[in-house]
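The chains referred to below are lettered A, B, ... by the order of the sequence lines, with proteins before strands, and numbering in each begins at 1.
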Number of protein chains: 2
Amino acid sequence: MTDNKDRYEIIIQKLRDNGHKITPQRLAIVKILAKSEGHPSVEDIYVQIKKDFPTMSLATVYKNILLIKSLGEVLELGFPDGSNRYDGKKPYPHPHVICIKCRKIVEPDLDSLDGMKKEVSLETHFNILYHRLDFFGICSDCRIKER
Amino acid sequence: MTDNKDRYEIIIQKLRDNGHKITPQRLAIVKILAKSEGHPSVEDIYVQIKKDFPTMSLATVYKNILLIKSLGEVLELGFPDGSNRYDGKKPYPHPHVICIKCRKIVEPDLDSLDGMKKEVSLETHFNILYHRLDFFGICSDCRIKER
DNA sequence: ACTCAAATAATAATTTTTATCAATTAACAC
DNA sequence: GTGTTAATTGATAAAAATTATTATTTGAGT
């Protein structure tokens, strides 16, 4: 995952370039966004950092995510149940497949996506700028456990 | 739009069939869900009914939507900005195209949807149960106004 | 090291949704 | 039609999530 290390440095560089201070709290948040395997929530990030940083405040997490979002370096995933999760590894819109049993999230490459975007443009005459594509179902692991 | 009239009666019948009382407040909420042109929010519904029903409570709107949702007769659309909108006309998942200028929502028929679902299943080995597909962009009306 | 604007931490305020509960009322039996 | 009963309503409180406020602290440049 050298890709993730790059993301970490890309985000920090962007913060510097835009004149923001590089604080330890900020570094810790960026590290989790860029390197953690899953799609962490604000609470996830807060709890994890609190271990090494007992004075960490929830507001700091919110403010930093807001900042990094405004730089276009993290993707916010608001789910129908109201929960928000963040992806600092792929900050651009992309499809997600979510297991409704174990909450695992998979990110497929879909060849049919380009064609669908064209179909949408043709049919609606919209200029499509971005999208949000989620599929919900049961993953193979959970199907096996059910037997 | 005889379709929408049908939806109104289908929902009320389902409420009756499941032993729920048909109150004037409930009828008003169902009417908006089934007949209003857009995708109303809880607040929209509340404000609109308050005109004829000054004693209407927000909690009543929430409780009724929860009930109708549990009967599978309304689709809840939670958007990334945290807002929730409801569709009582097509209560099953379907793609939406949203104008980020005027908030207009269009519902296209996409031939490529079935193929994409198959591709998702093949690639991820998930059993796909439902989906949420939103495209965001600028509608042709708003593009014309910009000139 | 010094200065200063920016960031943090703690908390208050706001927003959205859900829970509580006494008063009301729709539906059914008679 | 009238009475009974359990569901529903309405008002408000509570809960949950996010944003705002502000005194204090600190990173970064001089």
Side-chain angles (χ1 to χ4, degrees), chain A residues 11-33 39-71 73-86, chain B residues 11-33 39-71 73-86:
Chain A
I11 297 173
I12 290 165
Q13 192 55 50
K14 191 126 174 195
L15 285 164
R16 277 193 216 286
D17 292 348
N18 287 74
H20 298 290
K21 292 182 182 175
I22 306 303
T23 68
Q25 295 91 334
R26 187 158 283 169
L27 285 175
I29 291 166
V30 171
K31 185 182 284 186
I32 291 177
L33 288 177
H39 293 70
S41 66
V42 165
E43 192 67 20
D44 290 339
I45 295 169
Y46 174 64
V47 167
Q48 195 168 333
I49 296 179
K50 204 117 215 264
K51 286 186 218 155
D52 312 298
F53 247 104
T55 71
M56 178 56 118
S57 166
L58 244 187
T60 298
V61 182
Y62 276 105
K63 273 183 285 199
N64 274 283
I65 285 180
L66 197 66
L67 172 63
I68 299 168
K69 222 171 36 168
S70 77
L71 298 175
E73 293 300 334
V74 67
L75 181 67
E76 184 175 54
L77 295 174
F79 284 103
D81 66 5
S83 63
N84 280 305
R85 301 186 162 276
Y86 297 88
Chain B
I11 296 174
I12 290 167
Q13 191 55 49
K14 191 126 175 194
L15 284 164
R16 277 193 214 285
D17 292 348
N18 287 74
H20 299 289
K21 290 183 183 177
I22 306 304
T23 67
Q25 295 91 335
R26 187 158 282 170
L27 285 175
I29 292 166
V30 172
K31 184 182 282 186
I32 291 177
L33 288 177
H39 294 69
S41 65
V42 165
E43 192 68 19
D44 291 340
I45 296 170
Y46 174 64
V47 168
Q48 195 168 335
I49 296 180
K50 205 116 214 264
K51 286 186 218 154
D52 311 299
F53 247 104
T55 72
M56 178 54 118
S57 166
L58 245 186
T60 298
V61 181
Y62 275 106
K63 275 181 283 196
N64 274 284
I65 284 180
L66 196 67
L67 172 63
I68 299 168
K69 223 171 33 168
S70 77
L71 298 175
E73 294 299 335
V74 68
L75 181 68
E76 184 174 55
L77 295 173
F79 284 103
D81 65 7
S83 64
N84 280 305
R85 301 185 162 276
Y86 297 89

Just to be sure I understand the rule, does A/Ile22 reach a base, reach only the sugar-phosphate, or reach nothing, if contact means heavy atoms closer than 4.0 Å? sugar-phosphate
Please report the distance, rounded to the nearest Å, between [atom1] in [X] and [atom2] in [N].
| X | N | atom1 | atom2 | result |
| --- | --- | --- | --- | --- |
| B/Tyr46 | C/dT16 | OH | C1' | 14 Å |
| A/Leu66 | D/dA20 | CG | P | 8 Å |
| B/Leu27 | C/dT25 | CG | P | 15 Å |
| A/Asp44 | D/dA17 | CG | C1' | 14 Å |
| B/Arg16 | C/dC28 | CZ | C1' | 14 Å |
| B/Leu15 | D/dA7 | CG | P | 15 Å |
| A/Asn64 | D/dT19 | CG | P | 13 Å |
| A/Leu58 | C/dA7 | CG | P | 19 Å |

May I ask you to check whether B/Gln13 and B/Asp17 show a side-chain donor-acceptor distance below 3.5 Å? yes
Do the side-chain N or O atoms of [X] get closer than 4.0 angstrom to the phosphate oxygens (OP1, OP2) of [N]?
| X | N | value |
| --- | --- | --- |
| A/Arg26 | C/dT8 | yes |
| A/Asn84 | D/dT18 | yes |
| A/Gln25 | C/dA9 | yes |
| A/His20 | C/dA7 | yes |

One pair to check against side chain to side chain contact (heavy atoms under 4.5 Å, CB included): A/Tyr86 and A/Ile65. What are the steps and the verdict? CA-CA 9 Å; A/Tyr86 297 88; A/Ile65 285 180; 3.4 Å; yes
Contact nearer the 5' end of DNA chain D, comparing B/Leu67 with A/Thr23: B/Leu67
Could you check A/Pro24 against A/Lys63 and say which one's nearest nucleotide on DNA chain D is further toward the 5' end? A/Lys63
Taking DNA chain C as the partner, which of residues 49-57 of chain A come within under 4.0 angstrom of it by heavy atom? A/Thr55, A/Met56, A/Ser57
Backbone of A/Gly78 reached by a side-chain donor or acceptor of A/Arg85 within 3.5 Å: no
Say you draw a straight line from OG1 of A/Thr23 to CG of A/Leu15; how long is it, rounded to the nearest 0.5 Å? 9.0 Å
Here the gap from A/Ile29 atom CD1 to A/Ile45 atom CD1, rounded to the nearest 0.5 Å, amounts to 7.0 Å
Please evaluate residues B/Asp44 and B/Gln48 with respect to the criterion side chain to side chain contact (heavy atoms under 4.5 Å, CB included), reporting the C-alpha separation (whole Å), side-chain torsions for both, the decisive distance (0.1 Å), and the verdict. CA-CA 6 Å; B/Asp44 291 340; B/Gln48 195 168 335; 5.5 Å; no
Any heavy-atom pair between the side chains of B/Gln25 and B/Ile49 that's under 4.5 Å? no
Any N or O donor-acceptor pair under 3.5 Å from the base of D/dA7 to the side chain of B/Lys21? yes
Counting only side-chain heavy atoms from C-beta out, which of C/dT17, C/dT25, C/dA9 sits nearest to B/Tyr62? C/dT17
